[in-house]
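Please read these numbers as outputs of a predicted model, since none were measured by experiment.
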Amino acid sequence: MVKDIISLLLLLLSTITVYSQNFAGSWTGILKVGNSNLNFVIHLSQEGGLWKAKADSPDQGAFGIPAQAHISGTGIEVIIQGGITYIGKMEKDDLIGGEFQQGAFRAKLDLSKTGKPPTVTQVIKSQRVTPPYDYDTVDVNFRNKYDDVLLSGTLTSPRQKGKFAAVVLVTGSGPQDRNETLMGHEPFRILSDFLTKNNIVVLRYDDRGVGLSKGSFINGTIENFSKDAMAAIDFLKKRPNVDPSKIGIIGHSEGGLIAELLAGQKLPSLSFIVSLAGPAIPIDSLMISQLYRIGKVSGMTDLALAHAQEINRKNFEIVKSNKPHHEAMAMILDNMKIDPAQLNSASKFELETLLLPSYRYFMRIDPVPFIKKITVPVYAAFGSLDVQVPAEQNLKSLKSNLPANPKTVLKEYEGLNHLFQKANTGAVSEYEQISETINNEVLLDIVKWIHGLG
């Protein structure tokens, strides 16, 4: 009897080993996101009995994304950085049938084994900035004395003598470099080049903990990032070619929110702000709207959207509360009808992120009281196809709450997305596939408006 059991066990182990060895290699498939098709690749290898994994999203310019693989028999679970999980089963030696999951988005994704990388249609970016420059550019360091953090950036200035209007560029959410590099685009490099060629001094910098800047990004809050922007303004004030009465902030997305918060607190050296897709409604309301619209362009049904919206609403109420971490987590799991024992590590990481102190701080922000106190001129721009900071709601808030100022401009750009590119649907998956980085009309309008401030 014992011998029979051992023989059966060895047979099972042998079967598992054969299947496991077949998983090694590169697997590619097409992920359907709304009306878009994205190539997705998972690379699997085995070293010392341990599985290693990386993922590529070639159409989005993302390669070598860190991942972890767990393989048992014919089953596989791959946990990919960014809250992505792939769960599948080997159906043939060269075919894995499975499902891609990221947040509320789920889609069937079958992967075929291949020794060749997928064919990628390379989209040539129509806006590029390359030396030699017809203006001065220098790398600089400046210190946020409030938090004692050394920041690194690039200062670009007109070559002619005189005193000029100057701006600090403040990036959107997530760790960003000084060019706000994402999906093959460098929006802040394009913006800096255009502004400087039009006689405006520009300072752009790496977020704390990114690139050459010191400090920790993950432990930072909007308050810390706002102090970084204040330090950048202090730096500009001391430049001999900067007119201290004409210093402003141009912020994109979360950077626009920071600009609003600082202007609402009447920062003495701040003369004007440009908010590009900056939130103007309470952040929890924004996130509910954002997740709904992203889900809609991704192809979710109305029933699924309504269900997800109600779950998100309750989750964000819990996140905003002062409930202790363990109590808040239990409430979120109950709201989502999740058995904690069934959580995979990717889902657990995603839920834990909701309760990070910095995220809870962010979710409690309501910019409206600050907007009501802004007295400097504001140029606020939104794209009609923006799914991340929807134009209608945020423009309505600004029109209702921003004090009247003859120099303030609130504008919606038809057919532009969150990055201010001409788009078809506004879906995040389109960003990489669009050759334009920032629509030229937006660039021209910003320059004209700043020069018109007098």
Side-chain angles (χ1 to χ4, degrees), residues 165-173 176 180 187-188 191-192 194-195 200 202-204 222 225-226 228-230 232-233 246-267 269-283 285-286 289-290 362 365-413 416-421 438-439 441-450 452-453:
V167 295
V168 172
L169 304 189
V170 183
T171 64
S173 59
Q176 304 277 357
E180 204 185 36
F188 276 13
L191 184 54
S192 295
F194 194 88
L195 293 171
I200 297 170
V202 182
L203 174 61
R204 64 191 196 272
I222 290 288
F225 302 142
S226 296
D228 292 342
M230 290 167 62
I233 289 174
K246 296 180 181 178
I247 299 176
I249 291 176
I250 299 180
H252 177 231
S253 194
E254 185 182 287
L257 172 64
I258 288 172
E260 294 165 2
L261 298 179
L262 290 177
Q265 294 173 76
K266 303 189 185 302
L267 186 65
S269 302
L270 188 60
S271 305
F272 61 89
I273 64 170
V274 177
S275 177
L276 301 175
I281 60 176
I283 297 303
S285 298
L286 174 74
S289 177
Q290 180 185 112
F362 178 66
I365 293 175
D366 179 0
V368 173
F370 296 88
I371 290 170
K372 288 181 176 180
K373 296 178 182 178
I374 294 176
T375 55
V376 298
V378 176
Y379 192 96
F382 299 90
S384 68
L385 294 181
D386 190 340
V387 297
Q388 294 183 251
V389 182
E392 183 180 357
Q393 294 167 286
N394 290 278
L395 269 174
K396 182 179 179 181
S397 176
L398 287 173
K399 289 175 181 177
S400 300
N401 297 301
L402 191 62
N405 187 313
K407 294 182 179 179
T408 286
V409 174
L410 309 178
K411 184 170 181 178
E412 179 178 353
Y413 289 85
L416 301 193
N417 61 17
H418 187 62
L419 299 189
F420 293 89
Q421 304 166 301
I438 304 180
N439 187 260
E441 182 185 355
V442 179
L443 296 172
L444 288 167
D445 284 350
I446 293 171
V447 166
K448 183 179 178 181
W449 182 77
I450 291 174
L453 293 175

Looking at [X] and [Y], what are the two nearest heavy atoms and their distance?
| X | Y | value |
| --- | --- | --- |
| Gln176 | Gly172 | CG-O, 3.7 Å |
| Leu453 | Pro377 | CD2-CB, 3.9 Å |
| Val368 | Pro282 | CG2-CD, 4.5 Å |
| Gly264 | Ile374 | N-CG1, 3.6 Å |
| Ile200 | Ala166 | CG2-CA, 4.3 Å |
| Ala391 | Gly383 | CB-O, 3.6 Å |

Are [X] and [Y] side-chain neighbours, meaning at least one heavy-atom pair lies under 4.5 Å?
| X | Y | result |
| --- | --- | --- |
| Phe420 | Pro187 | no |
| Tyr379 | Ile250 | no |
| Ile258 | Leu262 | yes |
| Pro390 | Leu286 | yes |
| Asp445 | Tyr413 | yes |
| Leu410 | Leu402 | yes |

When rounded to the nearest 0.5 angstrom, what distance separates [atom1] in [X] from [atom2] in [Y]?
| X | Y | atom1 | atom2 | answer |
| --- | --- | --- | --- | --- |
| Asn439 | Leu419 | CG | CG | 12.0 Å |
| Asn394 | Ile281 | CG | CD1 | 4.5 Å |
| Ser253 | Asp386 | OG | CG | 7.5 Å |
| Phe382 | His418 | CZ | NE2 | 10.5 Å |
| Leu257 | Glu254 | CG | CD | 6.5 Å |
| Ser285 | Gln290 | OG | CD | 12.5 Å |

What verdict does the side chain to side chain contact (heavy atoms under 4.5 Å, CB included) test give for Val378 and Asn405, after you've listed the backbone C-alpha separation in whole Å, the side-chain angles of each residue and the deciding distance to 0.1 Å? CA-CA 8 Å; Val378 176; Asn405 187 313; over 6 Å; no
Listing, residues 272-279 side-chain donor-acceptor contacts under 3.5 Å, not counting sequence neighbours, or none:
residue : atom : partner : partner atom : Å
Ser275  : OG   : Glu260  : OE2          : 3.4
Ser275  : OG   : Gly278  : N            : 3.4

If only atom types and distance count, is the side chain of Lys266 paired as donor or acceptor with the main-chain N or O of Lys373 below 3.5 Å? yes
Donor-acceptor pair, Ser192 side chain versus Phe188 backbone, under 3.5 Å? yes
Do other residues, nucleotides or ligands put more than 12 heavy atoms under 6.0 Å from Lys411 NZ? yes
Quick one: side-chain contact (heavy atoms from CB on, under 4.5 Å) partners of Ser271, sequence neighbours excluded? none
Compute whether any side-chain donor of one residue and acceptor of the other, for Gln393 and Ser289, lie under 3.5 angstrom apart. yes
